[in-house]
2 protein chains.
Amino acid sequence: MTAPSDSVVRAWTRLERAHRAALATVEGRLKEAGLPPLAWYDVLLELERAGAPGLRPFELQKAMLLAQYNLSRLIDRLEAQGHVARAASEDDGRGQVLAITAKGRAMRRKIWPVYAAAIEAAVGAHLSPTEARALGDLLERLYPPRS
Amino acid sequence: MTAPSDSVVRAWTRLERAHRAALATVEGRLKEAGLPPLAWYDVLLELERAGAPGLRPFELQKAMLLAQYNLSRLIDRLEAQGHVARAASEDDGRGQVLAITAKGRAMRRKIWPVYAAAIEAAVGAHLSPTEARALGDLLERLYPPRS
DNA sequence: TCCACTTATATGCAATTGCATCTAGTGTGC
DNA sequence: GCACACTAGATGCAATTGCATATAAGTGGA
């Protein structure tokens, strides 16, 4: 267990700070617009991308890095609003399969313009295209997809 | 209101993901070690850095990007444990001045090794020194100190 | 001085999160 | 076919967060 160098500590500190600031902007804009929180969008997007086969909750959990009980309740709320549908899994008696509904799709579409503008304000406005790409690449190192 | 480019959206998405992963590591390590959550450390560090004059809650709030009511209660908890002391402000009848106690200092020192190891695991282990520096610089652009 | 406005902090209450644990299936070795 | 360890998901309860608003004090004029 090596001690982190100053530059690593600094990177971590900035990561926290930048994330907090950007998230506050994004969540704030969504709320102002009377829209649901960001997590709803993420679920809807994942489900929309998954297409017809849908997704198992545990897959969504990995994709979103959410705690299991948190996701379970997030789905409760989305289901209560009619944005997603739960169905028993054919293959696995313990599990379910989630699918986005038409209403869910509509909600995702409605959120996007506000969300997009917020991303631009919180991130895009501060970086050149080259910097944005570089930042994305570096951050990806911290959590490589398919790690 | 321009739409964000793909690279900007990607940077934002990775920011969320990287932050969530790193934070989970850090908070997890603290909990395993029976230590309080990260926010406690941040407050204690800021107060220790502030030295004798202490800090007003609103200053801490800006430094930590915390919501006002959240900080108010965080201080409640820290005070209840004897880690910080509240005193009425001399200059401003509405306000208070916060100071870290000896117990608070001890707690901060106790947290640091665990926290440091977690930062190294969550961030340092994935980046070269050059990359860490580059990441810190880019993130700083998103929330420039003294903006 | 008085008033309207702003700033600093606290707080009641509802929603969300975290923790620990529960239930119900699955799979494996025998 | 059984015992056992493991995975998927839900849930009761406590802690935290978010929201709206309250209280109290500072500030800048008319």
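Because only heavy atoms are used, hydrogens play no part in the values below, and waters and symmetry mates are left out as well, while side chains stay in. In what follows, chains are A, B, ... by sequence order, proteins preceding strands, each numbered from 1.
The separation between A:L78 atom CG and C:dT16 atom P is 11 Å, rounded to whole Å. Residue B:M64 contributes atom CE, which lies 10 Å from atom P of D:dT17 at whole-angstrom precision. Remark: C1' of D:dG18 and CZ of A:R20 are 15 Å apart, rounded to the nearest angstrom. Whole-Å rounding puts the A:L30 CG to D:dG18 P distance at 14 Å. One can place CD of B:E90 at 17 Å from C1' of C:dA8, the figure rounded to the nearest angstrom.
Between the side chain of B:R20 and the backbone N or O of A:M64, at least one donor-acceptor pair lies under 3.5 Å. Of the possible donor and acceptor atoms, one in the side chain of A:R17 sits under 3.5 Å from a partner among the backbone N and O of B:A63. When atom types are taken as modelled, the side chain of B:S7 and the backbone of A:A132 share no donor-acceptor pair closer than 3.5 angstrom.
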### Summary
Scoring nucleotides 7-14 of chain D by protein non-hydrogen atoms under 4.0 Å (B base, S sugar-phosphate only, - none) yields BSBBBBB-
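Among pairs with a residue in residues 57-70 of chain B, none fulfils side chain to side chain donor-acceptor pair (under 3.5 Å), at least two apart in sequence or across chains.
The side-chain contact (heavy atoms from CB on, under 4.5 Å) check on B:R86 picks up B:S72, B:I75, B:D76, B:E79, B:Q96, B:L98, with sequence neighbours excluded. Remark: A:H19 engages B:E16, B:H19 in a side-chain hydrogen bond (donor to acceptor under 3.5 Å, both in side chains) (not counting sequence neighbours).
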Could you tabulate the donor-acceptor pairs under 3.5 Å formed by side-chain atoms of residues 37-53 of chain B, not counting sequence neighbours?
from, atom 1, to, atom 2, distance (Å)
B:Y41, OH, B:R108, NH1, 2.7
B:E48, OE1, B:R108, NE, 2.5

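Between A:N70 and C:dT16 there is no side-chain polar atom (N or O) within less than 4.0 angstrom of OP1 or OP2. OP1 or OP2 of C:dT16 sits under 4.0 Å from a side-chain N or O of A:R77.
Both A:W40 and A:D91 lie near DNA chain C, and the one whose nearest nucleotide falls closer to the 5' end is A:W40.
Note that CD1 of A:I119 is 11.0 Å distant from CZ of A:R29, once rounded to the nearest 0.5 Å.
Of the residues in residues 45-55 of chain B, none has a non-hydrogen atom less than 4.0 angstrom from any atom of DNA chain D.
For A:K103, the NZ atom counts as densely surrounded, since its 6.0 Å shell holds more than 12 non-hydrogen atoms of other residues, nucleotides or ligands.
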